[in-house]
Amino acid sequence: MPELDKTYLPAEVEPRWYQRWLDDKCFEADPSRVSEKRPAYSIVIPPPNVTGILTLGHVLNNTIQDILARRARMQGKEVLWLPGTDHAGIATQNVVEKTLKKQGVIKHRDDLGREGLVAKIWEWKEKHGGIIIEQLKKLGASCDWSRERFTFDDDYNACVMRVFVDLYQKGLIYRGKRMVNWCPSSLTALSDEEVVMKAQNAIMYHFKVEVVEEPGTWLEIATTRPEVIPGDTAIAVNPKDERYAHLIGKNVRRPLPVENQALLPIVADEHVDFTFGTGVLKVTPAHDKADFEIGQRHDLPVIDVMHPNGTLNELAGKDLAGMERFAARKRAAELLAEIGSLVKEEPYQNNLGYSERADVPIESRLSEQWFLKYPSVKESQDVVANGEMKFHPDRWAKVYDHWMTGLQDWCISRQVWWGHRIPVWYRGEETYCGIDAPKGEGWEQDPDVLDTWFSSWLWPFATMGWPEKTSTLKAFYPTTDLVTGPDIIFFWVARMIMAGFEWMGELPFKNVYFTGIIRDKQGRKMSKSLGNSPDPLELIASYSADALRFGIMRSAPLGQDICFDEKNVELGRNFCTKLWNAARFRQMQGGATETEIDPALLSSDDKWILLRLNTAIDEVSAALDEYRFSDATASLYRFFWSEYCDWYVEASKAVLQGSDEKRKANTLAVIDFVLGQTLRLFHPFLPFITEELWHGMGFNQDMPENQGGNSLMFAPWPKPLDADELAHFGLLPEDEKAANDKYETVVLGRGLKSTFNINKKVRFVLQPNQELPAHEVEVLRLLLNAEPLEVDAAFTPTKGTPSALTPLGTIFLPLDGLIDVEAERARVGKELAKAEAELEKVAAKLADTNFTSKVPQKVLDEHQQRKTDWQEKLAKLREMLAALG
RNA sequence: GCACGGAUAGCUCAGCGGUAGAGCGUCUGUCUUACACACAGAUGGUCGGGGGUUCGAAUCCCUCUCCGUGCACCA
C-alpha cells in the first residue's frame, strides 16, 4: 500500500483525476453498449449562456446532475450526460455590443452592420465562449464533452429552420400586426414570459375635458401616463354607468398636444370599470393592450406617439417631441396644469411590466411580428397530469398545468441580429418560407431572428442528431432526468415537452427535478448588483470542488430554496479531511488490503458497524431514488463521522493495539470492507477524493478493470447485505443493541468525568448487571480513558462516590475525597427531579381511564414500560442520593 | 385578487397523531500517536397567534399574522 500524504492536497489531486477520466474516455457514452442488462441513463444539461460564468446556481444544478450520472454509472448503466451552451440571443448581443462600445470599436451597432456585428460576436464567442465549460470541468462534471453542442451551430441551426418551416406549413406560425411587449432598451419585441411585473410608486393624474356638445359639462379622467394623451383617440365609459350614459356619442376636446386639440368621441365599452377611478377611460390604442382592443371594437384610429427607443415623436406635439418618456410625463402634467385641465395629482401604486433582461419598463407597441400557436398542447398537458412524466417536487405540476391551460400565442420574432434568422423571404406581395433561400431575383429575407427559446426547446433531440434517426436518439431518447430551476418552467421545460411530442412523438424526459433558488444568509436572491454571490471558483480554490459540492448538497432540501452559507463549504472541506485521515489511520495499521472476514471473530463493535453500514446504504440509496440529496448527505455524514470514526474506529483500537494477530487482521478486514463501501457511497458526491483514496488504499487492485479496477466511477454501487449474507456473518438486529449499550455506558461515564472536571486518566469501577467478556471491558476502558477499569459486582463505594446508571450496570468514579459532595448531590438531585416529573406524567396518563380505555394496546404497553423504567431509575437515584449522606 | 410554499433551539433544517431531534454556533475541558479542518462534555425550544377535532396535536381541520414564489391585473 503506497503511503498517503499527511495532508490532502485537492489542488493537485482534482485536476489530475479529471484529466485521467478524460484521457480514459470515462464520460463518453456509447449507444452500442446499451442493452437489456445495461440500460441507458441520460440527461441533457440545461445549456448555460455561452457568455456566462459559473454561478452558485450552476454549481447546484450541475452537481445534482453529476451525482445522478455518476450513480447511474455505478449502477451499471450506460450514461450519457450531454453538455452544451446556448447562444442566448439578446443577452449575448448586448454583452458584446457593450464591450465593443467600451473598447471604442463602435458607437452603434450600425457602424458594423448586421454581418459585421454577427462576425464580431462569433469571434468573441470563440475567444471567451467556453469559459463556463472549463469551469464545469473544475467542478468535476462528468459530461460527455465529445458531444458538446451549441444552439447556434450549423447542424442545430438546420434543426431550427426545419421546425420553423414545419410549423409554418402546419399553419401554426403566422405573421401579424399585434400589440406586443416592446423593450425600448433592447429595441425588440419580447414574449409575455420575458416581462416581469413590478410594483411601482407612480402618480395618478386627474385632468378634465369639456363635452363639446354640452358646454359646462366636464369629465374627469384619471391616468398614470399623461405623456401619451396625444395618442388618445376616444373617451370610453361603461354604457351601464348612469352618470355618463347620456354622453355617449358626444365629443370632447383632447387637451394635448396643445396645438392639435382634436375632437374625441365618447364611446360605450363594457370593459370600463365604473368603480375604478372616475369611471371615465381615455383610450390610447397605440400604447395599451386593452385600449387597442377597445379601439378595434370601435374602429378608432391608432396614433403612435413614440419612437421605438421610448422617446416621443412629432405626433406628440412640439412640446413633447424628442423627449424621453419619463421626462415627457412630467412635462405633459405641467402642460395640463398650464391650460387649466389638471385637477389633481395623487400618489398611486400600480404594477408595471419590466423587460426581464434590460430591467426597464416595457411599452405595449403595435408591430408586425411572428407568432406561434403552441403544438401538441394536449399530450403535453396530459403527460404530466396523469403522472407519466413526474415533477419533483410534484407541486410544480399544478403550476405547469395552470400555465398550459391559459396558453397565449408565443411572439417568436426578435429585432436583433444574433440568432437564427427567420427563414422567410419577400418579393413584392410574394412570401416564401423554406429552409433555403428561394430561387430567382429580388427576394429579401425577413430581417428578424427567432427568440432564443425557439432553439432551446429542441435541445433534448436536436443535440442527438435529429432529424436523422441516429443510434444516439434510439438509445438515449427519451432522457431519464432533467434538472433545472423552476424559474424556467414556462420558458423551457413546458416548451421542450411540447416540442418532444410534436417532433419525436414522445415525451423528452421522464422526470424533472426542480432545484431551489439560492439565497444568501439574509434570504436575498443571489445577484450581481447586490454583490452577494460568491465566486464558485474562489470557493473551489480555497476549499476544493468536493467540498463545494458537498456543502451545497448538504443545504439543498427537496423543493425548498437554498440558504447558502460558506460555512457549509467549510464543513465539506472538513469532511474531506476527516475521510482522508480515516484512510490514513487504516494505512498506519499496515498490511495489505484484507478481504476475508471471519464471522467467528467478529466483535460486537464489528457487528454494529456492519449493521450501521447496511442502514446507511439503504438510506442513501432511498434518498437518491427520491432526489433527496440533502438527506443523502446527512446520512453519509452521520454514518461516517459519528458512527464509523467516533465509535467504531475508537473501539477497534482495543483490538488493533492488542496482540491477537488473527483478530487484528479480521478487524482490518472489517475496516477495509467498510471503507471500500463508504468510498463508493461517497463517490457521486465527492468524486475526486474518493477516487484518490480508492487507488491510494489499493481498493482498485482486486476489482475487474471496468468495475472499479480502473476507476471508482465504475465500481458497483453498494448493496446492503441480504438475508443470506447477514446469516453468514451472524448479524442479528440485537447485535446493534449490545454495542449501543456499551457506548451509552461510555457516554455516561464521560459525563461523570466532565461533571467533576477530571481530564486525566482515572479509575472507574463498573458494577455490572450482566457478564462482560474481556473484549467489552477493554473497549469500555479505552473509550472511557479509564486507568484502570475495575469490574466488581461486590463493589461498595465510599460515601459520596459519584455514580451513574447505565445499561450495563452502575458505573462509579471513585475520587477519594476529591469530590464536592454538595455538587454531586445537586447533580443527582436534578436528575431525580426529572425522573419524578416524567414518572408523574406517565402515571397521570395511566391513571386516566379515559386514556386507558381508548388507547391501543401497543401504546398502553409502551406507557406501562415507561412507567416501570422511570420507577426503577427513581429508586436507584434515591439510593445514590442517600449514599451521598 | 387567485394559487402554491414556508414559519420548530442563536442559525440551517428534520420530525407530520403517541416521552421535542440533528448539524452548525455558543460555553467548558483536552495537542488522548488518523484528524485542533480534531476529540470529549454541556447549554439551548410554552414547535408563528387564536380556535376546533382527539384519551392524546409540532403533526389533522378552521382562522388570522408574517415571509417567499407563481399567475392575473383597472386606466
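Computed from heavy atoms alone, side chains included, the values below leave out hydrogens, waters and symmetry copies. To find a chain, count down the sequence lines: A is the first, B the second, and so on, and within it residues start at 1.
Backbone-only contact: Leu571(A) has heavy atoms under 4.0 Å from sugar-phosphate atoms and none from a base.
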Got a list of protein N/O to nucleotides 15-21 of chain B N/O distances below 3.5 Å?
residue, atom, partner, partner atom, Å
U19(B), O4', Arg866(A), NH1, 3.2

For nucleotides 73-75 of chain B, give me every protein contact, N/O to N/O, under 3.5 Å, one pair per line with atom names.
residue, atom, partner, partner atom, Å
C73(B), N3, Asn351(A), ND2, 3.0
C74(B), N3, Asp273(A), OD2, 3.2
A75(B), OP2, Tyr348(A), OH, 2.7
A75(B), O3', Thr224(A), N, 3.2
A75(B), O3', Thr224(A), OG1, 3.0
A75(B), N6, Asp273(A), O, 2.5
A75(B), N6, Phe276(A), O, 3.1
A75(B), N1, Asp273(A), N, 3.4

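Look at the C1' atom in both C13(B) and A7(B): the space between them is 12 Å, to the nearest Å. C39(B) and U32(B) have their P atoms separated by 14 Å, given to the nearest Å. Nucleotides A57(B) and G51(B), compared at atom C1', are 13 Å apart to the nearest Å. Straight-line distance between the C1' atoms of A20(B) and U8(B): roughly 9 Å, to the nearest whole Å. Rounded to whole Å, the C1' atom of U54(B) lies 16 Å from the corresponding atom of C62(B). A gap of 4 Å separates the C1' atoms of A58(B) and C47(B), to the nearest Å. Only the C1' atoms considered, C61(B) is 38 Å distant from G25(B), to the nearest whole Å. Using P as the reference atom, A9(B) and G44(B) are 15 Å apart when rounded to the nearest Å.
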If you look only at distance, which donor and acceptor atoms sit under 3.5 Å apart when one is on a side chain in residues 543-550 of chain A and the other is two or more places apart or in another chain?
residue, atom, partner, partner atom, Å
Tyr543(A), OH, Glu566(A), OE2, 2.9
Ser544(A), OG, Ala547(A), N, 3.1
Asp546(A), OD1, Phe688(A), N, 3.3
Asp546(A), OD2, Phe688(A), N, 3.4
Asp546(A), OD2, Ile689(A), N, 2.8
Arg549(A), NE, Phe685(A), O, 3.0
Arg549(A), NH1, Asp66(A), OD2, 2.8
Arg549(A), NH1, Leu139(A), O, 3.0
Arg549(A), NH2, Asp66(A), OD2, 2.9
Arg549(A), NH2, Pro684(A), O, 2.7

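Straight-line distance from the CD atom of Glu193(A) to the C1' atom of C71(B): 11 Å, rounded to whole Å. Atom pair Phe491(A):CZ and G70(B):C1' shows a separation of 13 Å (rounding to whole Å applied). Separating the CD1 atom of Ile517(A) from the P atom of G6(B) is a distance of 15 Å, rounded to the nearest angstrom. In this structure, CZ of Arg519(A) is placed 11 Å from P of C13(B), rounded to the nearest angstrom. Rounded to an integer number of Å, the gap from CZ of Phe391(A) to P of G70(B) is 17 Å. In this structure, CG of Asp192(A) is placed 15 Å from C1' of G70(B), rounded to the nearest angstrom. Atom CZ in Phe629(A) sits about 16 Å away from atom P in A14(B), given to the nearest Å. Here the P atom of nucleotide C27(B) and the CG atom of Asn757(A) are 17 Å apart, to the nearest Å.
The existence of a salt bridge linking Lys834(A) and Glu838(A) is confirmed by a sub-4.0 Å separation between a basic side-chain nitrogen and an acidic carboxylate oxygen.
Annotation: Lys240(A), atom NZ; neighbour count of heavy atoms from other residues, nucleotides and ligands within 6.0 Å does not exceed 12. Residue-environment remark: CD (Gln871(A)) exceeds the threshold of 12 foreign heavy atoms within 6.0 Å.
Sequence order on RNA chain B of the closest nucleotides to Tyr637(A) and Lys398(A) puts Lys398(A) first from the 5' end.
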Paired and unpaired positions of RNA chain B as dot-bracket, Watson-Crick or G-U wobble under 3.5 Å, | denoting a partner strand = ((((((((.[[[[.)..(..]]]].(((((.......))))).....[[[[[..)....]]]]])))))))....

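In this view, Phe207(A) satisfies the ring-ring contact (aromatic ring centres under 6.0 Å, His included) rule with no residue, not counting sequence neighbours. With sequence neighbours excluded, the residues that form a ring-ring contact (aromatic ring centres under 6.0 Å, His included) with Phe391(A) are Tyr400(A), Phe514(A). Applying the side chain to side chain donor-acceptor pair (under 3.5 Å) test to Asp848(A) and every residue at least two apart in sequence or in another chain returns nothing. Judged as a ring-ring contact (aromatic ring centres under 6.0 Å, His included), and not counting sequence neighbours, the contacts of Trp647(A) are Tyr743(A). With sequence neighbours excluded, no residue satisfies ring-ring contact (aromatic ring centres under 6.0 Å, His included) with His206(A). In terms of the salt bridge (Lys or Arg N to Asp or Glu O under 4.0 Å) criterion, Glu744(A) has no residue partners (sequence neighbours excluded).
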Where do Glu643(A) and Tyr648(A) land on the side chain to side chain contact (heavy atoms under 4.5 Å, CB included) test, with the steps shown first?
-> CA-CA 6 Å; Glu643(A) 295 173 356; Tyr648(A) 180 71; over 6 Å; no

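For Asp869(A) and Gln865(A), the side-chain atoms include at least one donor-acceptor pair closer than 3.5 Å.
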At under 4.0 Å between heavy atoms, which parts of nucleotides 34-47 of chain B does protein reach? Answer with one letter per nucleotide, 5' to 3': B base, S sugar-phosphate only, - none.
-> BB-BSSSS------

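Screening residues 224-239 of chain A for salt bridge (Lys or Arg N to Asp or Glu O under 4.0 Å), with sequence neighbours left out, gives Arg225(A)-Glu227(A), Arg225(A)-Glu363(A), Glu227(A)-Arg329(A), Asp232(A)-Lys282(A).
Taking the six-membered ring for Trp, Phe851(A) and His863(A) have ring centres closer than 6.0 Å.
Here the closest non-hydrogen pair linking Val209(A) and Pro255(A) is CG1-CD, 3.8 Å.
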